[in-house]
Amino acid sequence: MINRELIRIKIVQLTYAYYQNGSNNLTNAENNLMYSLSKAYALYNYLLMLIVAISKEMRHRVEVGANRAKREGNEPPSTKFVDNRFALQLENNNALLDYADEQKLSWNDDVEFVRKLCNIIEQSQIYQEYMASDDDDYEADREVWRKLYKAVIQDNEDLDALLEEKSIYWNDDKEIVDTFVLKTIKRFDPSAGKKQELLPEYNDDEDKEFARKLFRATILNADQYQRYMSDASRNWDFSRLAYMDVVIMQIAIAEMMTFMNIPVSVTINEYVGLAKLYSTVKSGGYINGMLDTIARFLVETGELNKPVDDLRPRKY
């Protein structure tokens with residue numbers, strides 16, 4: 001689940017914090033990076049658990065309604081939503097149960113928030129159409145949760161605020177973690193039962209090592225990379241750079257120099273995107289031109305042994 005996009009985001013955040021805090025302890029900073037990444041995986045599990053918490057609250061409501069209907073001699077409420085096959089499979093998922101138990105994750109302290117979400121769901125057109133539909137299969141059960149997640153959970157400011165209170169590491173994680181939750185919902189297979197696999201924390205050891213190596217190269221070779229920026233930017237106004245721009249370019253150069261299998265164009269595109277997200281309005285275009293110039297300069301001086309043919313034509 002923790003892919004290179006998320007790793008790059010975290011390294012930008014932690015590198016900026018490393019310099020802002022005046023830290024000189026690389027080991028502590030690296031441990032903080034890995035902990036931050038592990039918290040992103042915790043958020044992934046926590047959001048899956050929210051689906052379970054909502055389902056349990058809805059089940060409680062149906063039970064209360066059924067008891068009332070029995071006393072009053074009325075027709076009991078429909079159990080269609082609480083019998084949702086996907087939600088029941090997720091509720092009994094071995095991997096989710098084990099992780100929640102190990103990490104002591106629970107929505108029990110936020111019952112009122114869960115109830116509020118249930119109210120929103122019950123009033124939604126998605127829920128009402130599902131309850132009125134004659135469709136009665138696993139695919140329909142899974143699809144209604146995909147729609148509800150996107151409508152009620154994905155862009156929920158109250159949920160964002162609640163998560164921010166629980167962990168400072170979750171401030172910028174939810175948007176990308178939401179995509180992983182939706183991917184997980186889509187890939188659930190009824191035949192897997194409670195053994196359905198969730199997304200792993202890392203796809204492989206190579207991605208985990210990517211995080212460590214990139215962060216260490218960024219910090220340990222900072223002076224060298226900033227010298228490259230200065231040497232290659234003679235036709236650029238270096239004073240125009242925001243401090244975040246310097247950090248982003250430093251990490252980009254570290255990636256160019258450390259990972260020979262990643263094309264230069266891929267690295268530039270990734271960090272131009274991060275500049276647009278974390279720095280000034282004009283930073284994306286400025287960093288794009290700077291990194292292009294730096295990459296060509298490094299190749300010309302023999303510092304970088306990578307092709308740059310896929311980059312845009314150089315402008316003087």
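As a basis for the values below, the full set of heavy atoms in this structure was taken, side chains included, without hydrogen atoms, waters or symmetry mates.
Partners of Asp172 under the side chain to side chain contact (heavy atoms under 4.5 Å, CB included) rule, at least two apart in sequence or in another chain, are Gln13, Tyr278. A search for side-chain hydrogen bond (donor to acceptor under 3.5 Å, both in side chains) contacts involving Arg68 returns nothing, not counting sequence neighbours. Applying the side-chain hydrogen bond (donor to acceptor under 3.5 Å, both in side chains) rule to Glu157 yields no partners; only residues at least two apart in sequence or on another chain are considered. For Asp101, there are no salt bridge (charged side-chain N to carboxylate O under 4.0 Å, His left out) partners two or more places apart in sequence or in a different chain. Partners of Ser55 by side-chain hydrogen bond (donor to acceptor under 3.5 Å, both in side chains), not counting sequence neighbours: none found. For the salt bridge (charged side-chain N to carboxylate O under 4.0 Å, His left out) test, residues two or more places apart in sequence or in another chain that qualify with Arg146 are Glu143. Partners of Glu165 according to the side-chain hydrogen bond (donor to acceptor under 3.5 Å, both in side chains) rule, which considers only residues two or more places apart in sequence or in another chain, do not exist here. Under the salt bridge (charged side-chain N to carboxylate O under 4.0 Å, His left out) criterion, Arg142 pairs with no residue at all, not counting sequence neighbours.
For residues 247-261, the side chain to side chain donor-acceptor pair (under 3.5 Å) pairs, not counting sequence neighbours, are Arg8-Glu255, Tyr19-Gln250, Gln226-Gln250, Glu255-Thr267, Glu255-Tyr271. Pairs passing the ring pair (Phe, Tyr, Trp, His ring centres under 6.0 Å) check and including a residue from residues 175-203, sequence neighbours excluded, read Phe86-Phe188. Residue pairs meeting the ring pair (Phe, Tyr, Trp, His ring centres under 6.0 Å) criterion with at least one member in residues 58-84, sequence neighbours excluded, are Phe81-Tyr127, Phe81-Trp145. Every pair passing ring pair (Phe, Tyr, Trp, His ring centres under 6.0 Å) that includes a residue from residues 26-55 is listed here, sequence neighbours excluded: Tyr35-Tyr169, Tyr41-Tyr44, Tyr41-Tyr99, Tyr46-Trp107, Tyr46-Trp170.
Between Arg296 and Asp292, at least one side-chain nitrogen of the basic residue sits less than 4.0 Å from a carboxylate oxygen of the acidic one, meeting the salt-bridge criterion.
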